[in-house]
Protein chains: 4
Amino acid sequence: MTTSTLRGLAALRENERDARRTLIMDAACSLFAKKDFKQVTVREIAKQAGVGVGTIYNYYASLDELFFDIFLKHASDIQQRLYSQAQQKNATLHDLCALYVEYLCTHIPFYQIMSHFMLGGDLMPAATEKLNHIMRQLMDHLEDTLKKTGPCEDSRITAHALFAALNGIMISYARYPGRNDDEILAHTRRLALRMADIFAKAPAG
Amino acid sequence: MTTSTLRGLAALRENERDARRTLIMDAACSLFAKKDFKQVTVREIAKQAGVGVGTIYNYYASLDELFFDIFLKHASDIQQRLYSQAQQKNATLHDLCALYVEYLCTHIPFYQIMSHFMLGGDLMPAATEKLNHIMRQLMDHLEDTLKKTGPCEDSRITAHALFAALNGIMISYARYPGRNDDEILAHTRRLALRMADIFAKAPAG
Amino acid sequence: MTTSTLRGLAALRENERDARRTLIMDAACSLFAKKDFKQVTVREIAKQAGVGVGTIYNYYASLDELFFDIFLKHASDIQQRLYSQAQQKNATLHDLCALYVEYLCTHIPFYQIMSHFMLGGDLMPAATEKLNHIMRQLMDHLEDTLKKTGPCEDSRITAHALFAALNGIMISYARYPGRNDDEILAHTRRLALRMADIFAKAPAG
Amino acid sequence: MTTSTLRGLAALRENERDARRTLIMDAACSLFAKKDFKQVTVREIAKQAGVGVGTIYNYYASLDELFFDIFLKHASDIQQRLYSQAQQKNATLHDLCALYVEYLCTHIPFYQIMSHFMLGGDLMPAATEKLNHIMRQLMDHLEDTLKKTGPCEDSRITAHALFAALNGIMISYARYPGRNDDEILAHTRRLALRMADIFAKAPAG
DNA sequence: TATGAATGAGCTTTCATTCAT
DNA sequence: AATGAATGAAAGCTCATTCAT
């Protein structure tokens with residue numbers, strides 16, 4: 001058996017491993033549609049994924065790690081979308097805000113997980129680093145867009161504020177009691193656009 | 001025994017009852033300092049409060065009810081502070097934003113509970129109504145302040161946006177991993193002020 | 001204050017005490033209509049009776065004692081009815097059986113309590129003695145009726161058998177799943193009459 | 001691994017599973033000797049069985065299900081015995097009655113559980129069906145024996161009456177206060193035989 | 001590597017009983 | 001005598017995690 005064959009096998013195995021992880025993540029996500037992510041149990045995930053309970057622990061050291069992985073996947077997903085949007089001509093701050101909030105609004109579990117880790121979860125150092133990396137990228141993107149929109153002296157802090165403001169729309173209105181999904185989507189979208197308006201006119205600082 | 005004596009006794013008992021409720025709430029809050037509010041158990045609260053487990057159920061039908069009561073108490077508290085601030089001369093949007101965010105920042109458990117109920121908690125109808133009432137009051141207050149700050153056509157939606165933006169500061173930075181409490185307080189305060197700047201210049205809509 | 005006055009007062013108090021006990025028993029019985037007697041709580045009884053929880057313990061040392069008192073009351077009640085029936089001309093074994101089973105069938109909680117004490121309850125000596133006394137009276141009554149019905153050498157054991165047989169109708173059919181109350185009453189009644197037939201022709205032994 | 005090996009393994013597992021269920025049932029039954037079956041707790045059963053608490057819930061969804069399973073096992077057991085007895089030559093109604101009552105008398109917990117489900121327990125539909133099935137079988141057996149014993153027009157209702165009468169012996173005398181086990185066994189046996197006498201001479205109806 | 005039965009600490013909640021008023 | 005708030009042991013049950021196969 002040659003070295004290159006070994007490398008090929010290893011790659012294959014790595015691929016398989018990733019496929020399994022994705023399988024498990026997807027199973028978990030599909031359960032989030034039905035219930036609060038904190039109520040989803042390992043057993044349910046295993047059943048949904050069609051694997052044994054123990055198998056999950058071959059891929060994740062704990063449930064929290066699985067949840068964090070799901071978070072990363074979504075974060076990467078949204079980054080991708082924002083980047084794609086930016087590639088298009090004339091993409092404005094409005095578009096960015098709308099895209100971001102719509103994404104959150106249609107991926108509530110992602111938002112719940114993010115909240116979980118930001119408000120109470122104790123992340124491991126490795127996770128913290130990854131989180132910071134993602135945040136920095138996102139913040140860069142926001143800052144760039146803000147700069148294109150208008151002059152802004154302290155653009156970094158404004159980017160932070162914008163990020164906060166958009167997240168806040170979710171926490172404040174994503175499950176407003178007594179409103180249905182369509183009403184909520186309409187309201188959050190409207191707020192996102194208003195937020196873009198306001199930040200577009202943000203004073204130089 | 002005269003009528004007035006009876007009334008006195010009843011009042012005393014009512015006071016005592018309130019004192020006990022406060023005792024229990026305070027015990028719960030003090031535990032929130034150490035762990036996520038969802039991880040706090042009845043037993044711990046009872047021990048902290050120096051009462052029996054059963055006693056708690058003499059005052060609250062369930063843990064969720066206790067948590068909601070804590071939420072109400074804090075919501076009322078912050079309303080009070082905002083109102084007091086507004087009474088003072090020259091209270092600005094900056095002051096309001098700073099006060100609100102500082103309050104949240106120094107009462108994280110309150111924010112966690114709010115998030116819990118807003119993101120996933122199933123509130124009973126009575127609770128929902130109370131929640132809506134509080135929200136309306138707060139929104140009125142924000143709207144008033146915005147109007148005083150400058151012309152604003154669609155001031156209600158702007159108030160909603162401001163509320164969301166301030167809450168978002170918390171979710172986004174209140175427990176930013178790798179920073180200590182002072183740094184976080186400084187950062188959130190700075191963001192609150194920047195947010196006030198931005199909203200003060202909000203376009204008429 | 002004279003001795004006779006004191007005696008009058010004492011009697012008054014005794015009456016009042018009995019009235020209270022009856023009040024409590026009736027409250028408990030009215031709750032039995034809604035749920036299994038084992039599920040009825042002291043709190044509920046107190047509320048239904050319009051007295052404080054502690055008051056019940058002024059009249060009964062424990063819940064079991066209350067239940068036993070209820071049992072005694074019903075036992076006495078049914079004795080009374082059987083006795084009245086016997087006073088009438090031409091009262092037959094059929095009448096006795098029908099009356100007994102109908103009584104049980106319309107007083108299921110009584111039957112449940114009886115079962116509770118016979119199958120598992122540890123009675124205090126005093127209670128045991130009372131129970132035996134009642135049983136002896138009932139057995140005498142059954143024996144007398146059997147003797148009137150026909151010659152029967154070992155009439156005592158036959159009385160025991162009849163008593164057992166009638167109770168058995170209840171345990172076996174009082175809550176037969178899938179049948180409504182009327183059907184059950186009809187079936188148990190029919191069985192009671194058949195039982196009377198059979199025992200009326202009981203061999204001399 | 002061949003198909004037959006797999007089948008072997010599956011069978012082994014099924015056997016193991018049954019063995020575990022039996023282990024748990026036996027543990028529960030052995031506790032019934034000491035206390036009312038309603039007072040037996042999951043923890044006690046687990047300890048007695050030498051397994052963890054959670055293990056029990058791997059085999060039964062609830063305590064009630066375990067109890068019902070115990071009931072089924074005993075019901076099946078007694079059916080078996082009655083059937084075996086019937087196979088022998090000259091098995092009479094006396095033999096049947098004696099066997100049934102003796103079985104109940106030496107398996108009081110079974111009788112308690114039966115009473116529990118018959119008097120108050122809410123059975124699931126599936127359980128009700130099983131219960132009815134068993135009852136029908138037993139009743140068929142009683143009816144057959146009665147027919148062999150003598151002419152009997154309405155033999156079904158007489159079978160019902162006999163079943164009730166035998167059960168009644170238990171509820172009425174199985175734990176008669178003040179008598180020891182031997183006395184009780186002797187008395188119930190005597191009553192069972194008397195009952196057989198009486199039913200053997202049952203009028204045609 | 002995949003499995004899933006076993007585990008037991010841990011949860012919320014109930015409720016008979018007590019006792020200070 | 002009447003009260004009802006306080007109590008805490010005890011209940012049934014859950015579920016993340018482990019580990020022998």
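Order of the sequence lines fixes the chain letters, A, B, ..., with proteins taken first and strands second; residue numbering starts at 1 for each chain.
When both distances must be under 3.5 Å, the Watson-Crick or G-U wobble mate of dG10(E) is dC13(F). Base pairing annotation: dA20(F) forms a Watson-Crick or G-U wobble pair with dT3(E), both donor-acceptor distances under 3.5 Å.
For the pair Leu23(D) CG and dA5(E) P, the interatomic distance rounds to 16 Å; values are reported in whole Å. In this structure, Tyr60(A) atom OH and dT18(F) atom P are separated by 17 Å, rounded to whole Å. As a whole-Å value, the separation of Asp18(D) CG from dA5(E) P is 14 Å. Atom NZ of Lys47(D) is separated from atom P of dG12(F) by 16 Å (rounded to the nearest Å). Between Ile45(B) atom CD1 and dT12(E) atom C1' there is a gap of 11 Å when expressed in whole angstrom units. In this structure, Phe67(D) places its CZ atom 14 Å from C1' of dC13(F), rounding to the nearest Å. Nucleotide dA9(F) holds its C1' atom 13 Å from the CD atom of Glu44(D), rounded to whole Å. Between the NZ atom of Lys38(B) and the P atom of dG10(E) there is a distance of 19 Å, rounded to whole Å.
When each of Asn58(D) and Gly54(B) is assigned the nucleotide of DNA chain E with its nearest heavy atom, Asn58(D) is the one assigned upstream, toward the 5' end. Looking at which nucleotide of DNA chain F each of Val42(D) and Glu16(B) is closest to, the 5′-most match is held by Glu16(B). Map Ala61(C) and Ile56(A) each onto its nearest nucleotide of DNA chain E; the residue landing nearer the 5' end is Ile56(A).
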- [ ] Using the side-chain hydrogen bond (donor to acceptor under 3.5 Å, both in side chains) rule, take Glu65(B) and Ser62(B) through it: C-alpha gap first, then chi angles, then the decisive distance, then the call.
- [x] CA-CA 5 Å; Glu65(B) 228 171 70; Ser62(B) 70; 5.0 Å; no

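Residue Tyr59(A) has no polar side-chain atom (N or O) positioned under 4.0 Å from OP1 or OP2 of dT1(E). In this model, the phosphate group of dC11(E) is approached by a side-chain N or O of Thr41(B) to a distance below 4.0 Å at OP1 or OP2. In terms of phosphate contacts, Thr55(B) brings a side-chain nitrogen or oxygen within less than 4.0 Å of OP1 or OP2 of dT7(F). For the pair Arg20(C) and dA1(F), the criterion of a side-chain N or O lying under 4.0 Å from OP1 or OP2 is not met. Dashed line: the shortest gap from a side-chain N or O of Tyr57(A) to OP1 or OP2 of dA2(E) is not under 4.0 Å.
Distance from the side chain of Arg17(C) is smallest for dA1(F) among the nucleotides dT17(F), dA1(F), dC13(F). For Leu63(D), the listed nucleotide lying nearest its side chain is dC13(F); candidates were dC13(F), dA6(E), dA2(F). Closest to the side chain of Val53(A), from the set dC15(E), dT12(E), dA5(E), is dA5(E). The nucleotide whose nearest atom lies closest to any side-chain atom of Val51(A) is, among dT3(F), dT3(E), dA11(F), dT3(E).
Applying the 3.5 Å distance criterion, the base of dG10(E) shares a donor-acceptor pair with the side chain of Arg43(D).
Of the possible polar contacts, one joining the Thr128(C) side chain to the Met124(C) backbone as a donor-acceptor pair under 3.5 Å is found. Side-chain N or O atoms of Arg20(B) include none that pairs as donor or acceptor with a backbone N or O of Tyr59(B) at under 3.5 Å.
Checked for salt-bridge contact, Asp26(A) and Arg21(A) miss the test: no charged N lies under 4.0 Å from a carboxylate O.
Between Phe71(C) and Phe117(C), the ring planes are tilted. Angles from 30° to 60° get that label.
Considering Tyr111(A), Phe67(A), Phe37(A) as possible partners of His116(A), the one that fulfils the ring-ring contact (aromatic ring centres under 6.0 Å, His included) test is Phe37(A).
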